[in-house]
Amino acid sequence: MFKKIVVAVDGSEHSHRALEYGQDLANRYEAAVWLVHVFPHTSDLLGYDEYEKLVARREAAGQTVLDEARQTLGTVRFPVYEELLEGPPAEAIINVAEVRGVDLIIMGTRGLGALQGLLMGSVSHKVMHHAHCPVLLVR
């Protein structure tokens, strides 16, 4: 049923649970998994003296989230790919899903965003309404 799965990770508890679901489904269906982490745009800070350092810090923090997710998966029988992106998170997640032709997006209902989401995070809400494939939201 599922051959390609995107799991959005941000280091939050909901994201960790989403990763558990992703691992289980990937094992059951022998699906490939794309771990996706999106960090905020930095282009609005162009020209500031510390711009390059800020971008490097955000990229390093994002790579740490991906490394931790991969470590949590451990040794697996399915292919795992990583996407570290800059931009609006919902749009980036949807774009990866479309470009990779995935069958399912799995993500937490809330992440580590500013206010950590209200009832349902704005990113998960937007992905749920605009993705071309099914979206599994995990609490």
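All figures in this text were calculated on a predicted structure; none of them were measured in a lab.
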Exercise for review: Applying side-chain contact (heavy atoms from CB on, under 4.5 Å), name anything that partners E20, two or more places apart in sequence or on another chain.
Suggested key: none
Check your understanding: Going from CG on L84 to CZ on R58, what distance comes out if it is rounded to the nearest 0.5 angstrom?
Key -> 12.5 Å
Check your understanding: Which pair of non-hydrogen atoms, one from C133 and one from I105, has the smallest distance, and what is that distance?
Key -> SG-CG1, 3.7 Å
**Study point:** E98 atom CD: more than 12 heavy-atom contacts under 6.0 Å
**Key:** yes
Practice item. Considering non-hydrogen atoms only, spot the tightest contact between A31 and I5 and give its length. Key: CB-CD1, 3.9 Å
Practice item. Please check if V102 and V36 belong to a single hydrophobic cluster, counting links between Ile, Leu, Val, Met, Phe, Trp and Tyr side chain heavy atoms closer than 4.5 Å. Key: yes
**Study point:** Where G22 and V7 come nearest, the two heavy atoms and their spacing
**Key:** CA-CG2, 4.0 Å
Point to revise | Gap between atom CG of L104 and atom NZ of K4 - 0.5 Å precision | key: 13.5 Å
Review point. Linking I/L/V/M/F/W/Y whenever any side-chain heavy atoms sit under 4.5 Å apart, do F39 and I93 land together?
Key: no
Review point. side-chain contact (heavy atoms from CB on, under 4.5 Å) between E91 and K126: does it pass, once the steps are laid out?
Key: CA-CA 8 Å; E91 289 83 350; K126 193 170 205 176; 2.7 Å; yes
Check your understanding: Tell me the ring pair (Phe, Tyr, Trp, His ring centres under 6.0 Å) pairs involving residues 79-104, sequence neighbours left out?
Key -> W34-Y81
Review point. Can any side-chain N or O of H37 pair as donor or acceptor with the backbone N or O of A8 at less than 3.5 Å?
Key: no
Check your understanding: Do M107 and Y29 share a hydrophobic cluster (ILVMFWY, side-chain heavy atoms under 4.5 Å, transitive)?
Key -> no
Point to revise | Least distance between heavy atoms, G108 atom then A18 atom | key: N-CB, 3.8 Å
Review point. When T109 is tested against each of R17, R139, H14 for side chain to side chain donor-acceptor pair (under 3.5 Å), which residue passes?
Key: H14
Check your understanding: CG/D67 to CD/E82 distance, rounded to the nearest 0.5 angstrom?
Key -> 6.0 Å
Exercise for review: State the CG-CG distance between L85 and N95, to the nearest 0.5 angstrom.
Suggested key: 8.0 Å
Exercise for review: May I ask whether V135 and L19 are part of the same hydrophobic cluster, defined by side-chain heavy atoms of I, L, V, M, F, W, Y residues being less than 4.5 angstrom apart, directly or through others?
Suggested key: no
Exercise for review: To the nearest 0.5 Å, tell me how far L137 CG sits from I106 CD1.
Suggested key: 10.0 Å
Check your understanding: Taking only residues two or more places apart in sequence or in another chain, which ones pass side-chain contact (heavy atoms from CB on, under 4.5 Å) with V80?
Key -> L35, R70, L73, V76, F78
Revision key, fill the gap. The reported gap from CG in L25 to CG in D103 (rounded to nearest 0.5 angstrom) is 11.0 Å
Practice item. Look at the side-chain heavy atoms of Ile, Leu, Val, Met, Phe, Trp and Tyr, link any pair under 4.5 Å apart, and say whether V33 and M1 land in one connected group. Key: yes
